**Student:** 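Quick one: this structure, given as structure tokens, is what I'll be asking you about.
Start at 1 and go down the list; that is how both ligands and their atoms are numbered. All figures in this text were calculated on a predicted structure; none of them were measured in a lab. One-based numbering along the sequence shown.
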Amino acid sequence: MILTRRSALVVGAGGLLAGCDAVGNSAIGRRVLRAGEDAHFALQRGLTDRTALAREFRPDQMSPVFRSNGTRNPDTVGYNAHAARDFADWRIRVDGLVARPLALSITDLRAMPARTQITRHDCVEGWSAIGQWTGPRLQPILGFAGLLPAARYIVFHCADRLGGRPYYESIDLVDAFHPQTILAWMLNGQPIGVPHGAPVRLRVERQLGYKHAKYVERIEAVASLDAVFGGKGGYWEDVADYEWYAGI
Ligand SMILES: Nc1nc2c(c(=O)[nH]1)N[C@H]1C(S)=C(S)[C@@H](COP(=O)(O)O)O[C@H]1N2
Ligand SMILES: [Mo]
């Protein structure tokens, strides 16, 4: 949509130039052209900003206590059985629009090159916490699965239900490929505990807390979000009209 609007702007400026030779020489003409250019810059910056890094912090800036929010324990028979076995049999399926569906164990994740980042988690409910997250980047995992050209969104299916509905979230490929987007299995140097999404949760550092899906059991590549649960791309988007793109 942005690209379409941008091409429309380019066409608009070209049309002005083609339609009136004198416009570039008149003060008002130059102002009109410059306005087009500014809009162009703003859009450009909007696009490139999506790939900028979220701020990272020093170890001494970490919160003494990292709060937990939403589901603090999925507490289903299946989840409790996995927890009792230290998630040795937990598998994260990577499927949908991929050439090679995967089933990744926690051992698999731990064997992958990891990124460690100290970031600030911002919840819409009005609290923040700075913590250190470790886990493999999502991009190479999607590369390994062989994302098909039709894939445009990545959906994270979670093991918990809130108010009877499964929790889920989704991001686009800009965020999926972002260097700080990781499947975290450690928080503050320890395996992630149950309150924070054991055994694996998404960190998507350019967005608000509710996008950071905990208890991830399936990662699905899709062309459209329309047919996924309520169609708005996430649990809170469906039930409370939260923004799908929760940029910070
Ligand atoms: N599966 C799942 N993921 C979730 C939630 C949830 O209830 N279930 N809550 C979200 C919200 S609103 C926030 S602020 C963070 C809280 O993460 P924390 O419990 O590690 O602080 O997880 C997000 N991811
Ligand atoms: Mo939140």
**Student:** Is there side-chain contact between Ile118 and Met62, with at least one heavy-atom pair below 4.5 Å?
**Tutor:** yes
**Student:** Can you find a heavy atom in the side chain of Leu162 that is under 4.5 Å from one in the side chain of Val239?
**Tutor:** no
**Student:** Please state whether Lys211 comes within less than 4.0 angstrom of ligand 1, counting heavy atoms only.
**Tutor:** no
**Student:** I want to confirm something. Looking only at heavy atoms, which of Gly70, Ala213, Gly209 is nearest to atom 23 (C) of ligand 1?
**Tutor:** Gly209
**Student:** Does only the side chain of Tyr242 get under 4.0 Å from ligand 1, or the backbone, or both, or neither? Count heavy atoms.
**Tutor:** neither
**Student:** Do His212 and ligand 1 have an N or O pair less than 3.5 Å apart?
**Tutor:** yes
**Student:** Measuring centre to centre across the rings, with the benzene-like ring taken for any Trp, is Phe156 within less than 6.0 Å of His212?
**Tutor:** no
**Student:** Would you check if the distance from the ring center of Phe87 to the ring center of Trp185 is below 6.0 Å?
**Tutor:** no
**Student:** Which atoms from ligand 1 have a heavy atom of Thr71 less than 4.0 Å away?
**Tutor:** 6 (C), 7 (O), 8 (N)
**Student:** Distance under 4.0 Å to a non-hydrogen atom of Ser68: what atoms of ligand 1 satisfy this?
**Tutor:** 18 (P), 19 (O), 21 (O)
**Student:** With ring pair (Phe, Tyr, Trp, His ring centres under 6.0 Å) as the test, would you mind laying out the steps for Tyr167 and Tyr235 before giving the verdict?
**Tutor:** CA-CA 5 Å; Tyr167 200 94; Tyr235 174 90; 5.2 Å; yes
**Student:** Can you pull out the closest protein heavy atom to atom 10 (C) of ligand 1? Residue, atom name and distance to 0.1 Å, please.
**Tutor:** Tyr167 OH, 3.4 Å
**Student:** How close does the nearest protein non-hydrogen atom get to atom 3 (N) of ligand 1, and which residue and atom is it?
**Tutor:** Lys214 N, 3.0 Å
**Student:** Tell me whether Phe66 at atom CZ has more than 12 heavy atoms from other residues, nucleotides or ligands lying less than 6.0 Å away.
**Tutor:** yes
**Student:** With a sphere of 6.0 Å drawn around CD of Glu243, does it hold more than 12 non-hydrogen atoms of other residues, nucleotides or ligands?
**Tutor:** no
**Student:** Between the side chain of Gln180 and the main-chain N/O of Ala54, is any donor-acceptor distance below 3.5 Å?
**Tutor:** yes
**Student:** If the cut-off is 4.0 Å to any non-hydrogen atom of Leu162, which atoms of ligand 1 fall inside it?
**Tutor:** 7 (O)
**Student:** Looking at Trp127, which atoms of ligand 1 are within less than 4.0 Å of one of its heavy atoms?
**Tutor:** 14 (S), 21 (O)
**Student:** Please work out whether any backbone atom (N, CA, C, O) or any side-chain heavy atom from C-beta onward of Pro195 is under 4.0 Å from ligand 1, and answer side chain, backbone, both or neither.
**Tutor:** backbone
**Student:** Can you list the ligand 1 atoms lying under 4.0 Å from a non-hydrogen atom of Arg67?
**Tutor:** 18 (P), 21 (O)
**Student:** Looking only at distance, does Asn69 have an N or O less than 3.5 Å from an N or O of ligand 1?
**Tutor:** yes
**Student:** Check Tyr210 against ligand 1 and report side chain, backbone, both or neither, counting heavy atoms closer than 4.0 Å.
**Tutor:** both
**Student:** Going by the angle between their ring planes, with limits at 30° and 60°, are Tyr210 and Tyr242 parallel, tilted or perpendicular?
**Tutor:** perpendicular
**Student:** Give a yes or no on whether Arg152 atom CZ has more than 12 heavy-atom contacts from other residues, nucleotides or ligands under 6.0 Å away.
**Tutor:** no
**Student:** Please compare Glu125, Arg72, His121 and report which has the shortest non-hydrogen distance to atom 14 (S) of ligand 1.
**Tutor:** His121
**Student:** Should Trp236 be counted as touching ligand 1, given the test is an N or O pair under 3.5 Å?
**Tutor:** no
**Student:** Can you tell which of Arg110, Gln190, Met186, Arg203 makes a side-chain contact (heavy atoms from CB on, under 4.5 Å) with Thr134?
**Tutor:** Met186
**Student:** Using atom types as modelled and distance alone, determine if a side-chain donor or acceptor of Ser170 lies under 3.5 Å from a backbone N or O of Tyr153.
**Tutor:** no
**Student:** Under the criterion salt bridge (Lys or Arg N to Asp or Glu O under 4.0 Å), which of Lys232, Lys214, Lys211 is the partner of Glu169?
**Tutor:** Lys211
**Student:** Among protein heavy atoms, which lies nearest atom 22 (O) of ligand 1, and at what distance?
**Tutor:** Arg201 NH2, 3.3 Å
**Student:** Just to be sure I read this right, does ligand 1 sit under 4.0 Å from the backbone of Asp160, its side chain, both, or neither, counting only heavy atoms?
**Tutor:** side chain
**Student:** Counting from 1, what ligand 1 atoms have a heavy atom of Cys123 closer than 4.0 Å?
**Tutor:** 14 (S)
**Student:** With a 3.5 Å cut-off and no angle check, do the side chains of Gln117 and Glu205 form a donor-acceptor pair?
**Tutor:** yes
**Student:** Should Phe66 be listed as contacting ligand 1, given a heavy-atom distance under 4.0 Å as the test?
**Tutor:** yes
**Student:** With a cut-off of 4.0 Å, which atoms of ligand 1 are near a heavy atom of Tyr215?
**Tutor:** 1 (N)
**Student:** Among all protein heavy atoms, pick out the one at the shortest distance from atom 20 (O) of ligand 1; state its residue, atom name and that distance to 0.1 Å.
**Tutor:** His196 ND1, 2.7 Å
**Student:** At under 4.0 Å between heavy atoms, is it the side chain or the backbone of Cys158 that contacts ligand 1, or both, or neither?
**Tutor:** side chain
